[in-house]
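A short worksheet on the structure shown next.
Small disclaimer: the values here were computed from a predicted structure and weren't measured. Convention: sequence-line order gives letters A, B, ...; per-chain numbering from 1. These values consider heavy atoms only, across backbone and side chains, with no hydrogens, waters or symmetry-generated copies.
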Protein chains: 2
Amino acid sequence: MVEYNPYLDGLFKSLADPIRRDILQRLVQAQHTISQLAAHYEMSFAAVAKHLNVLEKAKLIVKRRKGKEQIVSIAPEALRDASEYLAQFEALWNYRLDVLDQILQEDD
Amino acid sequence: MVEYNPYLDGLFKSLADPIRRDILQRLVQAQHTISQLAAHYEMSFAAVAKHLNVLEKAKLIVKRRKGKEQIVSIAPEALRDASEYLAQFEALWNYRLDVLDQILQEDD
DNA sequence: ATTATATTCAACCATATGGTTTAATGTAAA
DNA sequence: TTTACATTAAACCATATGGTTGAATATAAT
């Protein structure tokens, strides 16, 4: 009955880290190279690169090479997937409230 | 510049686990006692209780005692918070596209 | 061809996470 | 007041995570 969806695992796991959310905030406004992103944080370059790998596996960002640099940009489809997953709860929840309403009306 | 929001950490971390997502799916349809929930999974009772603690800390569920049982229900506000956080990206993204449009039009 | 820059990879470490089992606690029922 | 049931807490274990440093690789610039 449990629908194992590793894609959602990676998506939400990515979003659970404040550094990764901050990276997404920057990327939604403009693309950056890996170095440019790394310069904003106090941790090592390698640590930021690891965060980017996590985001990339979750399909939240894409990288493309330009010369010796790598340009990182956001991939909003995954954000939408996460958003739609949550919206589905709201739909179920509203359905439940409707059913409750009907039951109450039947008491009249 | 990084907005450390531990509330979002807990929210998305909770959603990153398939068991916890499944629990939320069940709860959005009806409330359950802890035992009822635990009966659906192959892991130990204690493990399920731990998952519920994670969800409770994230404010995704609430428990209330009824006799010797504890009744678990969903707390949809937190789901909405997560949903709104993601929607904010979509807004920023659309803004960025608009700006891009304007720049292109200025070339005419 | 050498050197500098940007990135990736590997080894390592401390802590967090998700599971276990067993003991302790709170509440209801006999 | 025992006894049974539901839950919580504690101790423990294996693996994952997020960080480090240093070496290796890829591309550009001299």
Side-chain angles (χ1 to χ4, degrees), chain A residues 1-24 26-27 30-73, chain B residues 2-27 30-73:
Chain A
M1 193 70 174
V2 184
E3 43 151 318
Y4 287 106
N5 188 335
Y7 173 58
L8 288 177
D9 288 15
L11 256 181
F12 288 121
K13 196 191 66 179
S14 290
L15 292 168
D17 183 281
I19 302 292
R20 290 194 289 261
R21 288 198 304 272
D22 193 75
I23 290 172
L24 291 176
R26 293 183 193 279
L27 291 179
Q31 54 186 25
H32 294 63
T33 66
I34 297 182
S35 298
Q36 285 172 336
L37 284 172
H40 286 109
Y41 305 100
E42 292 191 342
M43 70 193 69
S44 69
F45 181 94
V48 176
K50 276 193 188 179
H51 279 301
L52 293 174
N53 286 339
V54 173
L55 288 166
E56 190 177 29
K57 272 187 197 158
K59 301 193 194 300
L60 280 163
I61 63 167
V62 291
K63 301 179 193 164
R64 63 180 192 284
R65 190 164 272 286
K66 185 176 186 183
K68 63 183 164 184
E69 295 179 330
Q70 194 96 254
I71 296 183
V72 183
S73 34
Chain B
V2 184
E3 43 150 318
Y4 287 107
N5 188 335
Y7 173 57
L8 288 175
D9 287 15
L11 256 181
F12 288 121
K13 195 190 67 178
S14 290
L15 292 167
D17 183 280
I19 302 293
R20 290 194 289 261
R21 288 197 304 274
D22 193 77
I23 290 173
L24 290 176
Q25 293 274 5
R26 292 183 192 280
L27 290 179
Q31 54 185 26
H32 293 66
T33 67
I34 297 182
S35 299
Q36 286 171 336
L37 285 171
H40 286 110
Y41 305 99
E42 292 191 341
M43 70 194 69
S44 69
F45 181 95
V48 176
K50 277 192 188 180
H51 279 300
L52 292 175
N53 286 338
V54 173
L55 288 166
E56 191 178 28
K57 274 188 194 154
K59 300 192 193 299
L60 280 162
I61 64 166
V62 291
K63 301 179 193 166
R64 64 180 191 286
R65 189 164 273 287
K66 185 175 185 183
K68 63 182 167 185
E69 296 179 331
Q70 194 97 253
I71 297 183
V72 184
S73 35

B/L15 and A/F12: which non-hydrogen atoms are nearest, and at how many Å? O-CD1, 3.4 Å
Atom-pair distance (CG on B/L52; P on D/dT8), nearest Å: 9 Å
The first and last nucleotides of DNA chain C lying within contact of chain B, meaning any atom under 4.0 Å from one of its heavy atoms, run from C/dT17 to C/dA28
[atom1] of [X] to [atom2] of [Y]: how many Å apart, nearest 0.5 Å?
X: A/D22; Y: A/D17; atom1: CG; atom2: CG; answer: 10.0 Å
X: A/I23; Y: A/I34; atom1: CD1; atom2: CD1; answer: 10.0 Å
X: A/I71; Y: A/R64; atom1: CD1; atom2: CZ; answer: 5.0 Å

side-chain contact (heavy atoms from CB on, under 4.5 Å) partners for B/R65, two or more places apart: B/Q70
Kindly write out the residues that satisfy side-chain contact (heavy atoms from CB on, under 4.5 Å) with A/E69, not counting sequence neighbours, or none if the list is empty. A/T33
Take A/K66 and B/A49, find for each the nucleotide of DNA chain D with the closest heavy atom, and name the residue whose nucleotide sits nearer the 5' end. B/A49
If you pin B/K63 and A/K13 to their nearest nucleotides in DNA chain D, which one's is more 5'? B/K63
Report each atom pair, protein N/O against N/O of nucleotides 20-24 of chain D, whose distance is under 3.5 angstrom.
{"unit_1": "D/dT20", "atom_1": "OP1", "unit_2": "A/S44", "atom_2": "N", "d": "3.3"}
{"unit_1": "D/dT20", "atom_1": "OP2", "unit_2": "A/S44", "atom_2": "N", "d": "2.8"}
{"unit_1": "D/dT20", "atom_1": "OP2", "unit_2": "A/S44", "atom_2": "OG", "d": "2.5"}

Nearest-nucleotide 5' precedence on DNA chain C, A/Q36 against B/K68: A/Q36
Counting only pairs under 3.5 Å, give me each side-chain donor-acceptor contact of residues 43-63 of chain A, with atom names and distances, residues two or more places apart or in other chains.
{"unit_1": "A/S44", "atom_1": "OG", "unit_2": "A/A47", "atom_2": "N", "d": "3.1"}
{"unit_1": "A/H51", "atom_1": "ND1", "unit_2": "A/R20", "atom_2": "NH1", "d": "3.2"}
{"unit_1": "A/N53", "atom_1": "OD1", "unit_2": "A/K63", "atom_2": "NZ", "d": "3.0"}
{"unit_1": "A/E56", "atom_1": "OE1", "unit_2": "A/K63", "atom_2": "NZ", "d": "3.3"}

For residues 6-15 of chain A, pull every pair meeting salt bridge (Lys or Arg N to Asp or Glu O under 4.0 Å), keeping only residues two or more places apart or in separate chains. A/D9-B/R21
